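Here is the structure we will look at.
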4 protein chains.
Amino acid sequence: MTVRSVIKNKAMPRTPEQYEQMRQEKRRKIMDVALELFASKGYHATSVAKIAEKADISKGLLYNYFESKDDLLKEIAQVGFQEVYENLDINHDGVLTEEEFVYFIDRLIEIINKNKKFWLFYTHILMQPNVVDFVGTQLRESFVPVVQILMNYLKEEGFEDPAGELFFLSSTLKGATLQLLFSPLDFDISPVRDRIVKLYAKNTTVDHKI
Amino acid sequence: MTVRSVIKNKAMPRTPEQYEQMRQEKRRKIMDVALELFASKGYHATSVAKIAEKADISKGLLYNYFESKDDLLKEIAQVGFQEVYENLDINHDGVLTEEEFVYFIDRLIEIINKNKKFWLFYTHILMQPNVVDFVGTQLRESFVPVVQILMNYLKEEGFEDPAGELFFLSSTLKGATLQLLFSPLDFDISPVRDRIVKLYAKNTTVDHKI
Amino acid sequence: MTVRSVIKNKAMPRTPEQYEQMRQEKRRKIMDVALELFASKGYHATSVAKIAEKADISKGLLYNYFESKDDLLKEIAQVGFQEVYENLDINHDGVLTEEEFVYFIDRLIEIINKNKKFWLFYTHILMQPNVVDFVGTQLRESFVPVVQILMNYLKEEGFEDPAGELFFLSSTLKGATLQLLFSPLDFDISPVRDRIVKLYAKNTTVDHKI
Amino acid sequence: MTVRSVIKNKAMPRTPEQYEQMRQEKRRKIMDVALELFASKGYHATSVAKIAEKADISKGLLYNYFESKDDLLKEIAQVGFQEVYENLDINHDGVLTEEEFVYFIDRLIEIINKNKKFWLFYTHILMQPNVVDFVGTQLRESFVPVVQILMNYLKEEGFEDPAGELFFLSSTLKGATLQLLFSPLDFDISPVRDRIVKLYAKNTTVDHKI
DNA sequence: GATGAATGAGAGTTCATTCAT
DNA sequence: CATGAATGAACTCTCATTCAT
């Protein structure tokens, strides 16, 4: 018996606030469990039944929180992406200094390391054709400003073919992300990081910030 | 009517060799069709019925050639990988010259461009860890000699941290592969290729060999 | 604030009678809402959740008023039928004059027009035999006196085969009911009504009474 | 072992014709069973599992023959309706004589009596809102020529208000159909039939043709 | 009395796989 | 060798009903 119910010695309905909090917590739990499974098994190989079981709820209840399996996927993508993006802390307005560039790279590595599960999930989704097109779209659109800033940075640094250079840098970052995601836990990405810094922030000391 | 049947104006039993060849051809057709579908729709979204239909055979017959859908997947992975690997034509014995390194890079890009379907499939499979673990293992093992040769090359070229440099190069190559696979058809990878050549084959002209 | 609570500026416990009245009102509201939905969507396509929502109560509370969805259906059928029957205002005792017969026909049409929702619901239910068998029984039993009176009327009017005539009249009335229920809103039933009057109340002017 | 398989003492695949025949037979069986259940329980109250069970097949197989439960319903409606309509043998071109009108009425009664299950099904569907709108549309469209012919007949017979008369006749026929469908097996519709004939084919002997 | 989270049985549907022919 | 009808388990999703509060 809770305090509320003791006062009048009578069962009382939960307040809307209590319900709301319960909902949020359970919602979060379902999303966590689903992320875990989607990341490790893939979307199609993960059944709603399995998610419900791992979240200690009935299959039916899941549909009290999410409209469909697809909706669950979208919510995870959206929330996860939002968190990641907020953490990235892009310098929207000004131009990137070399220090800021290094900071950006380090933040990127840190974010991926901290959200491996989410990035695995993301990678699965992006590789799986036809699953949720909007995820890819969302990703691409969100990175437009990042790309713009990096482009300006490369121009400023005096590269003769900044567009080509951006492709190269972009490839390297994508490849490094894969390395991080699919390598053993103790994998040390710092050589790659240092090499990037040496190439694109020549005048900066390459102290590890990670 | 075939030539054979005309000669005697009577159906002659085919020789065991002919049967075996027909089997191999049909097997190959099934695998081609399945690769096509797996690559474009994904493994789970591709039904055995669809594969059989596209291969112009009955569902039942497919199971005469492959034990299961999973087995079909493994066979495709194995054969496809073998072909790719044979094409890579690594200089197993000697040491890589700068020209040979550039040739290696160009071959790599060429192979990926020529087998996009297979690489897409491969990427899907690798992301779906539990489907075929052995594929990843196979991939890693097969690349051991490649890695060794590249390592020697980087040492020879005088890089102070060849292991770190290898990580970097490896990241870049992986990232470039992704770019190739998931970009529009007319995507031009040459800036990335040129940059790699400029970094790792300094004394070589960067004529496109692709 | 209600008058009662103003008088003493203090919430007074409601009397049992007030509680009972509130219960009855809520019960009625639930039944109204359910009738509306059953009539427009059908029984199976109407969820308890939807009924509760439209009645502005929780799902749980609904089960405080009705044992089950089926029970709710039965109650609606019973009450609705009772109301209709009371409105029909059959001349139980005496014999029907021609004027009274015409009045009866006009009342019938009026009742159906005024309770289309209920009759639609009723029609659905009657077609779904196993849902509530008792409804049909109830209907038939309730109409026994009506049938008796009409039979007497037809005898009195001098029809040679009053039983057969009753079948015919009954068919016509049922068919006319269907027309009324499933035709557009502006459908005019008066030709059918006039024809009935002409056939069965020959000496009466056929002024519209509806 | 069949004759075919004995000849060569070797299992041979069925010919396309054999398969087609098997399919048609099973298809028909499923439709019969489904019609029976839809007619007695209603569409929503009949589960695919129940249909499959009664048809002695697995649930899955049903989907080898029909795309969905809805599709099954449509097929039943279509085929059943087609059969009914073909039997109705409407005199499309000429004008109806009194004898032909009587014949039409008798055929109508006969058809309903012979296909009670189908008409029950049909009635259920039409009463159930939102199930399959196209069924109602189909019905209405199909009856346009019938209505036209009856209208002409009533004009020819000299009724002053043929449109109103048609409404009345139509109501009567609908009501009679309900009587036939929902009355006990031994129910005798002939009084209603005779009355119709007496009203609309005055100069014709009312010999029973049923 | 009143809430809505939670359940669980069952709905329609899909599909890898088997098997009589 | 070859067919495709047939199966059955598993899938996503719905919903009447219950129950702690």
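Below, read A as the first sequence line, B as the second, and so on, with proteins coming before strands; counting in each chain starts at 1. Quick caveat: nothing in here was measured; it's all calculated off a predicted structure.
Side chains of Glu17(C) and Gln21(C): no donor on one and acceptor on the other come within 3.5 Å. Under 3.5 Å, the side chains of Tyr65(C) and Asp71(C) contain no donor-acceptor pair of N or O atoms.
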Legend entry - Asn64(B) and Ile57(B): CA distance, side-chain angles, deciding distance, side-chain contact (heavy atoms from CB on, under 4.5 Å) verdict: CA-CA 11 Å; Asn64(B) 202 314; Ile57(B) 59 165; over 6 Å; no
Inset, instruction - Please step through side-chain contact (heavy atoms from CB on, under 4.5 Å) for the pair Asp70(C) and Tyr43(C), ending with a clear verdict. - result: CA-CA 9 Å; Asp70(C) 232 76; Tyr43(C) 179 71; 3.1 Å; yes
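If you check distances only, the side chain of Tyr63(B) never reaches the base of dT18(E) with a donor-acceptor pair under 3.5 Å.
In this structure, the side chain of Gln18(D) engages the main chain of Thr15(D) through a donor-acceptor pair within 3.5 Å. A donor-acceptor contact shorter than 3.5 Å links the side chain of Lys69(D) to the backbone of Thr46(D).
Residues Gly60(D) and Gly60(A) each lie close to DNA chain F; by heavy-atom proximity, the contact nearer the 5' end of the strand is made by Gly60(D). Comparing Ala45(B) and Ser47(D) by the nucleotide of DNA chain E whose heavy atom lies nearest to each, the residue mapping closer to the 5' end is Ser47(D). When the nearest nucleotides of DNA chain E are assigned to Glu20(A) and Val48(D) by heavy-atom distance, the more 5′-ward of the two goes with Glu20(A).
Closest to the Asn64(D) side chain, of the nucleotides dA6(F), dA5(E), dT21(E), is dA6(F). Closest approach to the Lys59(B) side chain among dG12(E), dT3(E), dG4(F) is made by dG4(F) (side chain taken as heavy atoms from C-beta onward). Closest to the side chain of Tyr65(C), out of dA16(E), dT3(F), dA2(E), is dA2(E). Side-chain proximity of Ile57(A) to the nucleotides dT7(E), dT3(F), dG4(E) is greatest for dT7(E). Closest approach to the Ser68(B) side chain among dT17(E), dA5(E), dT3(F) is made by dT17(E) (side chain taken as heavy atoms from C-beta onward).
Annotation: side chain to side chain donor-acceptor pair (under 3.5 Å) contacts of Glu36(C) (sequence neighbours excluded): Lys117(C).
Listed by residue number, the members of residues 22-35 of chain D with any heavy atom below 4.0 angstrom from DNA chain E form an empty set.
Around the CD atom of Glu67(B), the shell of radius 6.0 Å holds no more than 12 heavy atoms that belong to other residues, nucleotides or ligands.
Ring planes of His44(C) and His44(D): tilted class, angle from 30 to 60°. Aromatic ring pairs are classed by plane angle as parallel below 30°, tilted from 30° to 60° and perpendicular above 60°; the pair Phe121(B) and Phe38(B) is parallel.
Rounded to whole Å, the distance from CZ on Phe66(A) to C1' on dT12(F) is 16 Å. The interatomic distance linking Lys50(C) (NZ) with dT17(F) (P) rounds to 19 Å, in whole Å. Look at CD on Gln21(C): it is 16 Å from P on dG1(E), rounded to the nearest Å. Nucleotide dG12(E) holds its P atom 14 Å from the CG atom of Asp71(D), rounded to whole Å. Computed from coordinates, the Leu37(D) CG to dG12(E) P distance equals 12 Å when rounded to whole Å. For the pair Tyr19(A) OH and dG4(E) C1', the computed distance is 5 Å after rounding to whole Å. If you take CG of Leu62(D) and P of dG8(F), they are 15 Å apart, rounded to a whole angstrom. We find that CG of Leu61(B) is positioned 17 Å from P of dC19(E), with the value rounded to whole Å.
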Legend entry - Intra- and inter-strand pairs of DNA chain E in dot-bracket (Watson-Crick or G-U wobble, both distances under 3.5 Å; | for another strand): .||||||||||||||||||||
